[in-house]
Each structure stands twice: as structure tokens, then as C-alpha cells.
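Accompanying notes for the structure given below.
In what follows, chains are A, B, ... by sequence order, proteins preceding strands, each numbered from 1.
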Amino acid sequence: MELDHELKGDVLVITPADTRIDAAVAIQFKDRMRELCSAAGSRIVLDLGQVDFVDSSGLGAIVAAMKQIGASARLELASLTPNVAKVFRLTRMDTVFSIHDDLDSALQPKAAHG
Amino acid sequence: MTIWTLPCSRKRRMDDLAVGSVAQKMTRLPEARLQLDVVATPLGVRRGLNEIRQTLHLWGMGHDDIGTAEMVLAEVMNNIVEHAYADCAGASMLLSAWQWHGGLAVHVVDSGLPMPDGKLPEGQAKPLNVDLTELPEGGFGWSLIRELTIDLNYCRSDGENHLRFRVPPSGLN
């Protein structure tokens with residue numbers, strides 16, 4: 001599973017190139033996130049703008065990614081497409097993550113406290 | 001402890017599995033009903049969902065309702081891969097779906113292990129107001145299925161699991 005990544009200021013922006021985070025790639029996603037996030041700064045934004053489907057395994061992998069980062073950084077989400085937003089809403093995981101409408105708003109300095 | 005013998009009657013020959021187009025056959029029946037033989041692997045489920053999405057689009061179902069149906073069917077089929085066929089990789093499940101008042105009626109059959117205690121999991125959502133390290137990484141599947149379906153029914157018959165449910169259109173949710 002390919003995860004594009006770029007440092008924007010002090011924020012590590014990770015963008016999955018695949019359109020799906022599902023049971024077929026959940027473990028790869030989690031492992032790749034661990035590699036990318038190990039040297040990250042204080043904020044990591046996962047830009048899900050290209051992802052149109054997340055199943056419960058994919059959701060579990062995103063939660064696992066946040067847990068393995070631990071207290072060293074925050075994992076925030078941006079650009080949820082409608083179906084993905086629905087999974088987060090139905091599982092109430094939208095109450096656990098900071099979710100930004102788009103990457104621009106995630107990169108605003110004030111967003112760090114959102 | 002009971003040792004279950006897996007009835008792998010739906011198990012395929014390995015040479016079938018090697019060829020994706022052979023491993024998954026779909027029939028589009030005239031009365032807007034689809035039947036899909038899905039290989040019980042994560043990639044088999046992904047391919048099955050792709051076929052289903054295209055069919056529901058052809059039936060004129062809206063984007064949101066297709067998304068909801070895909071979400072439910074993904075959870076149902078992944079559960080079969082991970083639990084019913086836990087020791088039986090390469091088996092298959094038969095999914096039938098037909099239009100129902102703008103939504104979808106579904107019947108899924110597999111010949112894997114029965115549901116624990118012969119009944120469907122409650123799918124109780126786990127608490128989220130916990131420490132980061134305690135956040136659940138799984139157990140979302142059945143709560144999603146129960147949230148998005150009606151008339152959910154499970155039975156075990158002749159060594160097969162039968163799951164039936166309806167996915168109402170968004171207007172009725």
C-alpha cells in the first residue's frame with residue numbers, strides 16, 4: 001500500500017494513494033504508518049481525500065496507527081469523502097479524532113488546537 | 001472443547017483460484033437480481049464489492065445508497081472470511097441480492113463454521129471515552145451491520161450459514 005508523504009512546515013502530511021483502506025491492505029497500512037510516523041514531529045495529518053472506502057478493518061488500522069504514534073504526536077484526519085465520513089460517524093470515531101474539512105484548514109496554525 | 005470438522009464443500013480447486021476471471025462468476029438475472037460467487041479472501045471480497053457496485057449503479061441506485069450497501073456487504077463478507085472460513089482459505093460464499101423498495105434485499109450463504117452459540121453477535125459498541133491505549137481497533141463490523149440493516153436473520157441449515165437482511169434506502173433510514 002502506497003502512502004505519499006510530505007513535510008509541510010512542521011506537519012507531516014500522509015496521503016494514501018489507494019482509494020481503499022480495507023481488510024486487504026489494513027496490515028500494510030498500519031506497518032507503513034509506523035515507518036513514516038516514527039520520525040515525525042508533533043503533528044501528523046492523514047489526508048483521506050482520495051480514499052472513497054474504509055471498512056472496519058481499515059478503521060481499526062487507522063486507530064492502531066494513532067495508538068502506535070502514542071503521545072509523541074497527534075494524528076489528525078482531513079478531507080473525508082462522504083462514505084468514509086459515514087463510517088467514522090456511525091462508529092462514533094469522529095469523536096476520537098480531530099477531523100478537518102480539507103488539508104488547507106488542517107494546516108492552519110489554529111488547527112493545531114482544533 | 002468441541003473440534004469442528006470444516007465442511008469445505010464450497011472449497012475451490014487451486015487452479016481455479018489462480019485465474020481471477022474464473023474464480024468469480026456473476027450472473028445478472030433479468031429481474032434485477034444478482035448472484036455472485038465470492039472467493040473467501042480479502043481480495044476476493046474486494047473484487048466482489050466492485051462487481052456489486054457496478055451492478056447497483058446499473059440498477060439506478062443512488063451514490064449514497066450504493067455506499068451504504070457496500071459498507072454492509074463488506075462487513076458481512078469480511079466476517080465470513082475471518083471467522084466462518086478462518087481455517088478454510090479459498091472457499092467461497094454465494095451472495096444473492098435483489099432490489100427492494102429502492103433498497104436491497106440480500107441473502108448470503110457460506111459453508112464455514114457456525115456463528116458462536118448459533119446466533120448473531122450483539123455488536124455492542126465499545127466505549128470510546130478511554131485512554132488512547134485502550135481504544136478499540138476492531139469490533140465495529142456487527143454494530144455497523146445492525147445499524148444499517150433491517151430484518152436481519154441468521155440460520156444454520158445443512159451445514160451452511162444463511163444470513164438474510166435488507167438495506168433500506170437512505171430516505172427510510
Value rounded to 0.5 Å, distance of OG1 in B:T68 from CG in A:N83: 7.0 Å
Contact winner vs chain B - A:G60, A:A24, A:S56, A:P82, heavy-atom pairs under 4.5 Å: A:S56
Closest-packed option against chain B by number of heavy-atom pairs under 4.5 Å, given A:A23, A:A71, A:S57: A:A23
When B:E82, B:E70, B:K126, B:E75 are compared by non-hydrogen pairs under 4.5 Å with chain A, the top option: B:E70
Chain B contact via A:V87 - which portion, at a heavy-atom distance below 4.5 Å: both
Rounded distance (nearest 0.5 Å) linking atom OG1 of A:T91 with atom CD of B:E147: 10.0 Å
Interchain contact, B:T133 with chain A, by part (heavy-atom threshold 4.5 Å): backbone
B:Q124 CD: over 12 foreign heavy atoms closer than 6.0 Å: no
Neighbour count above 12 (heavy atom, 6.0 Å) for B:H162 NE2: yes
Gap between atom NZ of A:K86 and atom OG of B:S170 - 0.5 Å precision: 7.0 Å
A:K67 side-chain N/O to B:L135 backbone N/O, donor-acceptor pair under 3.5 Å: yes
From A:M66 atom CE to B:E137 atom CD, the distance as rounded to the nearest 0.5 Å: 9.5 Å
Within 6.0 angstrom of B:D151 CG, more than 12 heavy atoms from elsewhere: yes
A:I27, CD1 atom: more than 12 neighbouring heavy atoms under 6.0 Å: no
Closest-packed option against chain B by number of heavy-atom pairs under 4.5 Å, given A:L59, A:D52, A:V54: A:L59
Residue of the set B:N78, B:L73, B:L144 for which side chain to side chain contact (heavy atoms under 4.5 Å, CB included) holds with A:D55: B:N78
